[in-house]
*Asks:* 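What follows is a single structure, and I will ask about it in a moment.
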Amino acid sequence: MTAASIAQRVVSFVYFIIIARIIGVENTGDYFFALSFSTIFLVVADFGLNNVLVRELARDQEKGNNYLNSLLSLKFILGIFSYVLIILFANILGYAENTKQLIYVAGITVIFDSLQNLFYASLRAAEKLKYEALGIFMSQVLTMIIGTTALILQWPLYFLILAYTIPSFLSVFYAGYFTAKNVNWRFRPVWQKEILKPFFLMALPFFAAAIIGKLYSFSDSLLMSKILDKTQLGYWSVPYKIVFAFQFIPTALTASLYPVISALHTGENKERIAELLLKGWRYLLLIVMPLMFGIYAIADNFIVSFYTSAYAPSAAVLKVLIFSLIFSYLNYTMAALLNAVNKQTEQTLLLFFALILSVCLNLWLLPKFAVMGAAVSALLSNGILFAFTLWRVRKVILLPIKEIILLVDKCFWPSVIMAAVVIYLQNYWHFILCIVAGIFVYLAAVFVFGGLTRDDLNVKKLI
């Protein structure tokens with residue numbers, strides 16, 4: 001899953017660079033916003049059912065066929081309803097006609113994404129992640145092929161959105177096929193109230209958390225669409241995409257940990273949950289620390305070289321936004337833990353608090369500092385969310401703070417040393433060569449400081 005996610009993000013990253021360079025800052029802002037806006041409504045189509053399905057199937061896979069057939073019927077209805085909401089809100093908020101057209105096309109993708117997500121959830125519960133891994137990579141490759149063709153032939157902007165819709169449609173059949181092979185599922189649309197009612201009730205906290213989580217992720221873009229112009233949205237889209245590109249790492253980890261923690265919680269080895277979380281954090285910190293400081297060190301040269309000087313203002317935003325990554329990584333795993341041990345309501349309340357904080361900060365900072373205000377808001381709200389979530393998780397499992405601080409310390413100083421070396425070398429070398437040198441400096445320093453050992457390189461020991 002991690003390997004495929006890396007490959008998918010690389011393709012996505014290259015594809016977005018191509019788009020940004022060809023269509024310009026304003027059109028990039030429009031394109032980015034249309035996708036962001038429609039993605040918010042995916043939570044309505046999903047309704048938190050995927051998380052419940054993973055948790056319940058991980059505990060009892062014999063009921064997989066009945067669960068899937070009932071939930072597919074419900075998902076189709078929710079998908080249509082979510083598309084109606086997309087059209088409704090796009091008109092209520094009064095966006096320009098060309099922006100609304102992009103949103104309408106992007107909204108179709110939501111229906112297909114919701115259906116494929118249900119199939120992938122069933123495969124996750126069966127711990128068959130390789131099918132999802134291959135699916136997300138091939139889908140991104142197909143998106144790049146269709147989108148690049150549209151750019152070369154100078155087709156209208158909405159074809160770039162269709163580049164996501166077509167692969168999503170095909171992924172429904174791909175994921176459904178492998179679900180039938182691995183979960184003994186046979187398609188038979190039914191409406192079983194005895195299944196749907198308890199699933200609906202269990203999904204409500206997940207649904208609320210998903211809505212709040214999406215609004216938390218994209219509230220800055222929504223507020224910018226009304227407060228700032230499209231050029232500012234274009235400046236924001238680049239650092240946001242870069243930071244978001246690295247979210248696959250905690251996502252892949254939690255995809256593996258979530259069903260395991262859920263099963264441990266109902267068994268006799270609950271003490272292993274804390275052990276799993278700390279081991280997961282060790283790997284995440286070893287990755288996220290050098291990522292943050294490394295990207296900070298090369299931000300200016302990177303943005304201008306890959307996105308052209310038109311996006312130069314994005315570099316300063318990236319230097320601030322990138323440091324929210326550590327809080328995001330650790331929050332991912334703690335949220336998965338709370339959901340897996342039936343504490344989803346508390347996780348929802350924490351997200352709601354973070355959303356209110358983020359909106360207030362953005363309303364205060366955006367008019368004064370434009371997109372830089374959004375970066376500061378994201379950093380502060382993510383940090384505060386992390387602090388409160390950690391406090392709540394420690395009420396559930398025993399997490400030694402001293403050990404956590406020691407983990408951070410062993411990765412922090414090697415990353416700072418690496419960043420200092422990279423910043424200095426950029427005065428003499430091309431920044432790509434500086435990245436290579438920085439990798440070797442970090443690896444050497446992290447071994448010296450004891451942050452990395454031979455055991456840490458053995459990923460199988462994670463579970």
Side-chain angles (χ1 to χ4, degrees), residues 205-206 208-220 240 243-244 246-247 249-251 253-254 257-258 261 273-289 291-293 296 319-365 373-413 415-416 451:
F206 288 109
I211 288 180
I212 294 168
K214 284 295 181 184
L215 289 174
Y216 180 55
S217 298
F218 295 109
S219 60
D220 39 28
Y240 183 90
V243 173
F244 181 75
F246 294 104
Q247 298 289 356
I249 298 170
T251 301
L253 179 64
T254 54
L257 290 182
Y258 181 69
I261 293 174
I273 295 176
E275 178 188 343
L276 280 174
L277 187 65
L278 285 176
K279 284 187 176 181
W281 278 17
R282 176 181 290 275
Y283 286 103
L284 290 179
L285 288 169
L286 284 167
I287 295 170
V288 73
M289 281 292 188
L291 268 179
M292 293 189 306
F293 285 96
Y296 175 87
K319 286 182 176 181
V320 175
L321 188 62
I322 193 63
F323 285 102
S324 67
L325 208 56
I326 184 171
F327 302 123
S328 178
Y329 272 38
L330 302 184
N331 281 336
Y332 257 100
T333 54
M334 290 192 294
L337 186 149
L338 289 174
N339 289 336
V341 300
N342 300 333
K343 299 291 184 181
Q344 57 264 35
T345 302
E346 296 178 21
Q347 169 61 18
T348 302
L349 292 174
L350 288 168
L351 273 176
F352 181 71
F353 166 74
L355 170 62
I356 298 301
L357 177 63
S358 176
V359 170
C360 292
L361 286 171
N362 274 304
L363 288 174
W364 175 42
L365 296 172
V376 173
S377 170
L379 179 60
L380 291 175
S381 55
N382 272 326
I384 294 171
L385 174 61
F386 166 77
F388 278 97
T389 307
L390 178 61
W391 168 76
R392 191 61 199 93
V393 165
R394 293 189 72 226
K395 299 286 186 181
V396 178
I397 60 173
L398 182 61
L399 279 179
I401 294 297
K402 288 185 178 180
E403 187 172 342
I404 294 171
I405 294 173
L406 186 62
L407 285 176
V408 174
D409 186 67
K410 288 181 177 180
C411 301
F412 174 79
W413 293 112
S415 301
V416 170

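What you see is a predicted model, and the numbers here were worked out from it, not measured in a lab. Computed over heavy atoms, backbone and side chain alike; hydrogens, waters and symmetry mates excluded.
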*Asks:* Identify the heavy atoms of Ser415 and Cys411 that sit nearest to each other, and give their distance.
*Replies:*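 So the two residues come closest at OG-O, 2.7 Å.
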*Asks:* So, taking the atom named CZ in Arg392 and the one named NZ in Lys343, what distance separates them when rounded to the nearest 0.5 Å?
*Replies:*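 It comes to 5.5 Å.
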*Asks:* Please walk me through it: do Asn331 and Leu390 pass side-chain contact (heavy atoms from CB on, under 4.5 Å)?
*Replies:* CA-CA 8 Å; Asn331 281 336; Leu390 178 61; over 6 Å; no
*Asks:* For the atom pair CD1 (Ile404) and CG (Leu277), what is the distance rounded to the nearest 0.5 Å?
*Replies:*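 Rounded to the nearest 0.5 Å, the CD1-CG separation comes to 7.5 Å.
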*Asks:* Enter the distance from Asp220:CG to Leu361:CG here, rounded to the nearest 0.5 Å.
*Replies:*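 Asp220 atom CG to Leu361 atom CG measures 11.5 Å (nearest 0.5 Å).
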*Asks:* When you compare the side chain of Val359 with that of Leu355, does any pair of heavy atoms fall below 4.5 Å?
*Replies:*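 Contact flag for Leu355/Val359 side chains = yes.
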*Asks:* What pairs with Lys410 under side chain to side chain donor-acceptor pair (under 3.5 Å), at least two apart in sequence or on another chain?
*Replies:* none
*Asks:* Do Trp281 and Met334 have side chains that get closer than 4.5 Å, going by heavy atoms?
*Replies:*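 Yes; the side chains approach each other to less than 4.5 Å.
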*Asks:* For a 4.5 angstrom cut-off between non-hydrogen side-chain atoms, does Leu407 reach Leu286?
*Replies:*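 No. Closest side-chain heavy atoms not under 4.5 Å.
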*Asks:* Show me the donor-acceptor pairs within less than 3.5 Å that the side chains of residues 375-388 make with the rest of the protein, sequence neighbours left out.
*Replies:*
from	atom 1	to	atom 2	distance (Å)
Ser377	OG	Ser358	O	3.3
Ser377	OG	Asn362	ND2	3.3
Ser381	OG	Tyr216	OH	3.2
Ser381	OG	Ser377	O	2.7
Ser381	OG	Ala378	O	3.3
Asn382	OD1	Tyr216	OH	2.9
Asn382	ND2	Ala378	O	3.2

*Asks:* Restricting to non-hydrogen atoms, name the atom on Arg282 and the atom on Gly451 that form the minimum distance, rounded to 0.1 Å.
*Replies:* NH1-O, 3.7 Å
*Asks:* Applying side-chain contact (heavy atoms from CB on, under 4.5 Å) to Phe352 and Ile356, what does each step give before you reach the verdict?
*Replies:* CA-CA 6 Å; Phe352 181 71; Ile356 298 301; 3.9 Å; yes
*Asks:* Taking C-beta and beyond as the side chain, do Val416 and Met289 meet within less than 4.5 Å on heavy atoms?
*Replies:* no
*Asks:* Which atoms form the tightest heavy-atom contact between Met292 and Ile322, and what is the distance?
*Replies:* CG-O, 3.4 Å
*Asks:* Does Leu338 reach the side chain of Thr389, with side-chain heavy atoms less than 4.5 Å apart?
*Replies:* yes
*Asks:* Considering non-hydrogen atoms only, spot the tightest contact between Ala335 and Gln347 and give its length.
*Replies:* CB-NE2, 3.2 Å
*Asks:* Assess whether side-chain contact (heavy atoms from CB on, under 4.5 Å) is satisfied between Val288 and Leu330, documenting all intermediate values.
*Replies:* CA-CA 10 Å; Val288 73; Leu330 302 184; over 6 Å; no
*Asks:* Look at the side chain of Tyr329 and the backbone N and O of Phe246, then say whether any donor-acceptor pair between them is shorter than 3.5 Å.
*Replies:*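 Yes; at least one donor-acceptor contact below 3.5 Å.
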*Asks:* Please determine whether the number of non-hydrogen atoms from other residues, nucleotides or ligands lying under 6.0 Å from atom OH of Tyr296 exceeds 12.
*Replies:* no
*Asks:* Measure the spacing between CD1 of Ile287 and OH of Tyr283 and express it to the nearest 0.5 Å.
*Replies:* 9.5 Å
